[in-house]
**Q** 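First the structure, which I've put down as structure tokens, then a few questions once you've had a look.
Chain naming here is simple, since letters A, B, ... match the order of the sequence lines and numbering starts at 1 in each. Below, each value reflects all heavy atoms present in this structure, side chains not excepted, and no hydrogens, waters or symmetry copies.
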There are 2 protein chains.
Amino acid sequence: MNSVTAIHPAAASKFEVTCSSCNLRELCLPAGLCDEDLQRVENLVYARRRVKRGEALYQAGGEFSAVYAIRSGFFKTSLLDNDGREQVTGFFMNGELLGMDGIGGAYHGTAISLEDSEVCILPYALIEDVSRDIPALQRRLHAVLAREIARDHGIMMLLGSMRAEERLATFLLNLSKRFLRRGYSSTEFHLRMTRDEIGSHLGLKLETVSRLFSAFQKEGLIEVQQKHVRILDIAGLERVLAARR
Amino acid sequence: MNSVTAIHPAAASKFEVTCSSCNLRELCLPAGLCDEDLQRVENLVYARRRVKRGEALYQAGGEFSAVYAIRSGFFKTSLLDNDGREQVTGFFMNGELLGMDGIGGAYHGTAISLEDSEVCILPYALIEDVSRDIPALQRRLHAVLAREIARDHGIMMLLGSMRAEERLATFLLNLSKRFLRRGYSSTEFHLRMTRDEIGSHLGLKLETVSRLFSAFQKEGLIEVQQKHVRILDIAGLERVLAARR
DNA sequence: CGCAGGGTTGAGCGCTCTCAATATAAGTGG
DNA sequence: CCACTTATATTGAGAGCGCTCAACCCTGCG
């Protein structure tokens, strides 16, 4: 199921034209681009690359050359500590951009595929050139970078001031929204990451994550069986967040 | 003491030329710009603005129009929760850039001055134009945004996987490095933020922060008296980090 | 001098971690 | 296809780190 269910009806047709080959919605969807510009954006896609489950798309410290748009699949990005401890900085799916932290030098983190995936390669040199010619794209690119910063700030808020159940509820609601945006079910999905990876991302130990899944299930908020999750009560999950004294 | 002690000898003279009026080192220092370009970069500085202690430079949700370079003073940036809880996302000083999270719409967080400060206003529209003409600046701008992302990832690592003492040690070492870079003492400085703000930034309660300061003092790592800090044993602080099992 | 904001310190609790055992699923090779 | 191995999840018991609540102290300022 790689076809995209567009959620911006007005932009749907244009999207089909420009991004049928690759999910560039992040870069071109909301911008008002003329057809000619759209063609140039499409040409940014230098090539595609398959990444098998467990393989790295790029490694921390590796020379930066391109940004990647995920065509299909699922990734985690992470940082490695001196002592080998991992901090998962994010999970990325279908249609999202990856590798922007490397701009201006070397990749800061590592991106690892959690299932067989395919990405579009957007060489930075090309982006530079095209965004110079197309102000709308330049603005768009900056906006994407800014949104990444805002996203990270949200996670900082989560890690800095939420309790364990709030973190997991936030995580599930976020995943749900993103699946919905992409035309998948927002209430039933398959987690591609392990409890350990979820824990690393949320600043919790894997046992805590597992316990919380069980607790949420007991409360009738979700149904879990290993990696399969069904959300039974979205409002209930939101109430977990609202219940902060 | 607003004069900047340049740390890149080669670029020092140029820096003096272009940035004497405002600390634009973030944007122009490492890039290979010709004199003419430097002039254009300097012209980015549309105006200056004084911000009194406690005042907001910009507010979350406010329309984005400019990025700010801190000429003198000290700021915190923070997010406000639905319930009014604050997460401090960073502290910014002399020569650093602020407000990039707003690019592409509205400011995502709030920036509040922790002492009487002065900033240079860099209107985004101008940056857009100039960076289109000067590839080096464009690359530089992207790099600044990417560095912000990398910085946030570092904080995520701190919040997600470090224990309280490691967090405070990291915080102190980071401040120390930044003061050094700007020509101030790296071992003795005045904290402009409260224990509560430090705690919010590090994901700790203010009492915990206070206790840790006392503990570090007892161990001979630092000397603290209220907001005045002297670092006695940098290597010792680094050992706090290394001692992660 | 008195007040207010910020900082320190103590006692006790509770959330999350640690350690450990068991269960379940997913591979792997014969 | 099945026995075996390995990765991943679940669950329990107990400990500890950081939080909560509370009292007190310090400093600057009207």
**Q** Using only atom types and a distance under 3.5 Å, with no angle test, would you say the side chain of A/Asp101 pairs donor to acceptor with the backbone of A/Gly109?
**A**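 Such a contact is found between A/Asp101 side chain and A/Gly109 backbone.
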**Q** Report the distance from atom CZ of B/Arg195 to atom C1' of C/dG7, rounded to the nearest whole Å.
**A**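 Answer to the nearest Å: 7 Å.
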**Q** Mind checking the CD-CZ spacing from A/Glu55 to A/Arg49? Nearest 0.5 Å is all I need.
**A**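 Reported value, rounded in 0.5 Å steps: 7.5 Å.
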**Q** Provide, to the nearest angstrom, the distance between the CG atom belonging to A/Leu202 and the P atom belonging to C/dT16.
**A**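 Spelled out: CG on A/Leu202 to P on C/dT16 is 12 Å.
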**Q** Quick one: does B/Arg192's side chain have a donor or acceptor within less than 3.5 Å of a partner on B/His190's backbone?
**A**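 Confirmed, B/Arg192 side chain pairs with B/His190 backbone.
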**Q** Round to the nearest Å and state the distance from B/Asp196 atom CG to D/dT20 atom P.
**A**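 For the pair B/Asp196 CG and D/dT20 P, the rounded distance is 11 Å.
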**Q** What is the distance, to the nearest angstrom, from the CD atom on B/Gln226 to the C1' atom on C/dG7?
**A**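 Atom CD in B/Gln226 sits about 5 Å away from atom C1' in C/dG7.
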**Q** Regarding B/Gly199, tell me which of base, sugar-phosphate or nothing describes its non-hydrogen contacts under 4.0 Å with the strands shown.
**A**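 The answer is nothing, as B/Gly199 stays clear of every strand by at least 4.0 Å.
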**Q** Measure the distance from CZ on A/Arg163 to P on C/dG14 and round it to the nearest whole Å.
**A**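 Result: 13 Å.
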**Q** I want to verify a distance call: between D/dT27, C/dT16, D/dT10, whose nearest atom is closest to the B/Gln225 side chain?
**A**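 Nearest nucleotide to the side chain: D/dT27.
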**Q** How many whole angstroms separate atom CG of A/Leu204 from atom P of D/dC17?
**A**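 Value for this atom pair: 18 Å.
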**Q** Taking only heavy atoms on the protein side, list every residue of residues 206-220 of chain B lying under 4.0 Å from any atom of DNA chain C, sorted numerically.
**A**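 Listed by number, they are B/Leu206, B/Glu207, B/Ser210, B/Arg211, B/Ser214.
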**Q** Quickly work out the A/Met162 CE to D/dG18 C1' distance and round it to whole Å.
**A**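 Rounding to the nearest Å, CE of A/Met162 and C1' of D/dG18 are 19 Å apart.
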**Q** So that I can tick it off, tell me whether A/Arg181 and A/Glu96 are bridged by a salt bridge, with the cut-off set at under 4.0 angstrom between side-chain N and carboxylate O.
**A**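 Not counted as a salt bridge, because no side-chain N and carboxylate O are separated by less than 4.0 Å.
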**Q** Could you state the atom-to-atom distance from CD1 of B/Ile222 to P of C/dT8 in whole Å?
**A**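 Distance, rounded to whole Å: 10 Å.
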**Q** Any side-chain donor paired with an acceptor under 3.5 Å for A/Ser78 and A/Glu86?
**A**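 Yes, A/Glu86 and A/Ser78 have a side-chain donor paired with an acceptor closer than 3.5 Å.
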**Q** Test of understanding: with side-chain contact (heavy atoms from CB on, under 4.5 Å), list the residues that count as partners of B/Ser176, not counting sequence neighbours.
**A**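 side-chain contact (heavy atoms from CB on, under 4.5 Å) check on B/Ser176 returns B/Ser186, B/Phe189, B/Ile231, B/Ile234.
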**Q** Can you say whether the rings of A/Tyr58 and A/Tyr107 are parallel (under 30°), tilted (30 to 60°) or perpendicular (over 60°)?
**A**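 Ring orientation of A/Tyr58 relative to A/Tyr107: parallel.
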**Q** With a 4.0 Å limit, can you tell me whether A/Lys227 has a side-chain N or O closer than that to the phosphate oxygens OP1/OP2 of D/dA9?
**A**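 For A/Lys227, the contact criterion (side-chain N or O under 4.0 Å from OP1 or OP2 of D/dA9) is met.
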